[in-house]
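Position 1 is the first residue of the sequence, and the numbers go up from there. Fair warning: this is a prediction, and the values are worked out from it, not measured in the lab.
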Amino acid sequence: MMHLLTDKKKKIIFYLFIFLFLSTIFNFKIVKSIKNLFKIKNIEINNEFYFEEFDNLFEKNIFNLKKDDILNTIFKFPILESFKVNKIYPNKISIILKETKPIAKIYINNDLFYIGENKNFFKGKKNIEKILVVTGITDQKTITLFLEDIKKSNINYNSIEKIIYFPSKRWDIVLKDKTILKLPSVNTHEKINIAKVLLDKKEIRGKVIDLRINNKVILTNE
């Protein structure tokens, strides 16, 4: 009687083991199937030019997608100003890229670069003719700070033909109507604001406005 009970107990343990084994395999397949379901299979981008740059996102788990995964590609293109990513579950993402607006151009070692509103320098896809030119300097920080001073003064970039930097660290702004603003090396923002007030007067246009001397405005015809 004792022997029969032992055999029966062994059978129960054996069947229980088989059940657990098969359940584990089955559960493993379910987990694997779920993981595959959420791997990125489709990527939509509003600008096809950049499509191949995001190939590394394919097969990545959509739940594990992080901001840095996109930023690593964005930083390769200084022309890009912003991006937005929408996750469309279970396995699709939509990427919206925004390129910055070029506000100036500059030649560095005979190569043409554009300066964007995002303060980055980048090579353009084509030559934009009607855009202001920066000469005499190539330092990115100095240029972008000066352009920011112009923006704050509400002088329209489109009204400027050329910006010239001198070794004495001062600037000239040459407008398209032939007005020239001569600025000192210090208090530039303040002087540009004064120039903006003067530029609103029609009789000033086409003249040279010299603001290099403190508390003085010198007007000449050349």
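Enclosure of atom CD in Glu48 by more than 12 non-hydrogen atoms of other residues, nucleotides or ligands within 6.0 angstrom is indicated. The number of heavy atoms from other shown groups lying within 6.0 Å of CZ (Phe63) is above 12. Residue-environment remark: NZ (Lys84) stays at or below the threshold of 12 foreign heavy atoms within 6.0 Å.
Between atom NZ of residue Lys207 and atom CG of residue Leu175 there is a gap of 14.5 Å, rounded to the nearest 0.5 Å. The distance from the CD1 atom of Ile108 to the OG1 atom of Thr138 is 5.5 Å, given to the nearest 0.5 Å. Atom CD of Glu53 and atom CD1 of Ile74 lie 10.0 Å apart (nearest 0.5 Å). The structure places CG of Asn42 at 8.0 Å from CD1 of Ile88, a figure rounded to the nearest 0.5 Å. Between Ile95 atom CD1 and Phe83 atom CZ the span is 9.0 Å, to the nearest 0.5 Å. Atom CG in Asp111 sits 12.0 Å away from atom CD1 in Ile106 (nearest 0.5 Å).
In plain terms, the two heavy atoms of Glu81 and Lys101 that are nearest each other are OE1-N, 4.5 Å. Contact between Lys123 and Leu112 at its shortest, heavy atoms only, is CG-O, 3.9 Å. Between Ser168 and Ser185 the shortest heavy-atom distance is O-CB, 3.7 Å. Shown here for Arg170 and Pro184, the closest heavy-atom pair between the two residues is CB-C, 3.7 Å. Across Leu65 and Lys60, no two heavy atoms sit closer than the pair CD1-CD, 4.1 Å.
Side-chain contact between Leu199 and Ile209 is present, with at least one heavy-atom pair separated by less than 4.5 Å. Within the 4.5 Å cutoff, side-chain heavy atoms of Ile79 are placed close to those of Thr100. The shortest distance between side-chain heavy atoms of Ile93 and Phe54 does not fall below 4.5 Å. The side-chain heavy atoms of Asn221 and Val208, taken from C-beta on, include no pair separated by under 4.5 Å. Contact check for Gln140 versus Asn120: side-chain heavy atoms found under the 4.5 Å cut-off. In this structure the side chain of Phe113 never reaches within 4.5 angstrom of the side chain of Val134, judged on heavy atoms. In this structure, Leu183 and Arg212 have side chains that are not in contact, with every pair of non-hydrogen atoms separated by 4.5 Å or more. Considering only heavy atoms from C-beta on, Pro102 comes within 4.5 Å of Phe122 through its side chain.
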(request) Could you please spell out the steps behind the side chain to side chain contact (heavy atoms under 4.5 Å, CB included) verdict for Lys151 and Ile103? (result) CA-CA 11 Å; Lys151 182 180 179 180; Ile103 58 175; over 6 Å; no

(request) Test side chain to side chain contact (heavy atoms under 4.5 Å, CB included) on Ile40 and Glu59 and set out the steps. (result) CA-CA 5 Å; Ile40 296 171; Glu59 298 301 316; over 6 Å; no

(request) Walk me through it: do Ile160 and Ile173 pass the test side chain to side chain contact (heavy atoms under 4.5 Å, CB included)? (result) CA-CA 7 Å; Ile160 302 173; Ile173 300 176; 3.9 Å; yes

(request) Would you please test Lys39 and Asn91 for side chain to side chain contact (heavy atoms under 4.5 Å, CB included) and show each step? (result) CA-CA 6 Å; Lys39 286 184 177 180; Asn91 53 21; 5.9 Å; no

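Under a 3.5 Å cut-off, the side chain of Tyr50 and the backbone N or O of Thr73 do not form any donor-acceptor pair. Proximity of a side-chain donor or acceptor of Thr179 to a complementary backbone N or O of Arg205 within less than 3.5 Å is not detected. With hydrogens and angles ignored, the 3.5 Å screen pairs a side-chain donor or acceptor of Tyr157 with a backbone N or O of Leu147. The closest donor-acceptor contact from the side chain of Asn118 to the backbone of Pro78 lies under 3.5 Å. In this structure, the side chain of Lys176 engages the main chain of Asn158 through a donor-acceptor pair within 3.5 Å. Of the possible polar contacts, one joining the Asn46 side chain to the Leu97 backbone as a donor-acceptor pair under 3.5 Å is found.
Looking at Glu161 and Lys178, a side-chain N of the basic residue comes within less than 4.0 Å of a carboxylate O on the acidic one, giving a salt bridge. The residues Lys66 and Asp68 are annotated as not salt-bridged, no charged nitrogen and carboxylate oxygen being separated by less than 4.0 angstrom.
The hydrophobic clustering, which links ILVMFWY residues whose side-chain heavy atoms are closer than 4.5 Å, places Tyr89 and Val85 together. Residues Tyr165 and Ile131 are members of separate hydrophobic clusters, defined by side-chain heavy-atom contacts under 4.5 angstrom among Ile, Leu, Val, Met, Phe, Trp and Tyr. Hydrophobic clustering of Ile, Leu, Val, Met, Phe, Trp and Tyr side chains at less than 4.5 Å, counting indirect connections, keeps Phe75 apart from Ile96. Hydrophobic clustering, with ILVMFWY side chains joined whenever heavy atoms are under 4.5 angstrom apart, groups Leu57 together with Ile62. With hydrophobic clusters built from ILVMFWY side chains whose heavy atoms lie under 4.5 angstrom apart, Phe146 does not share a cluster with Ile180.
Below 30°, between 30° and 60°, or above 60°: for Phe49 and Phe77 the angle between ring planes is above 60°, a perpendicular geometry.
When the side chain to side chain contact (heavy atoms under 4.5 Å, CB included) test is applied to Lys201, the partners found at least two apart in sequence or on another chain are Glu203, Ile204. Qualifying salt bridge (Lys or Arg N to Asp or Glu O under 4.0 Å) partners for Lys202, counting only residues two or more places apart in sequence or in other chains: none. Applying the side chain to side chain donor-acceptor pair (under 3.5 Å) criterion to Asn193, with sequence neighbours excluded, gives His189.
Just one of Asn187, Ile155, Leu211 meets the side chain to side chain contact (heavy atoms under 4.5 Å, CB included) condition when paired with Ile192; it is Ile155. When each of Val133, Ile115, Leu132 is checked for a side chain to side chain contact (heavy atoms under 4.5 Å, CB included) with Lys105, only Val133 meets the rule.
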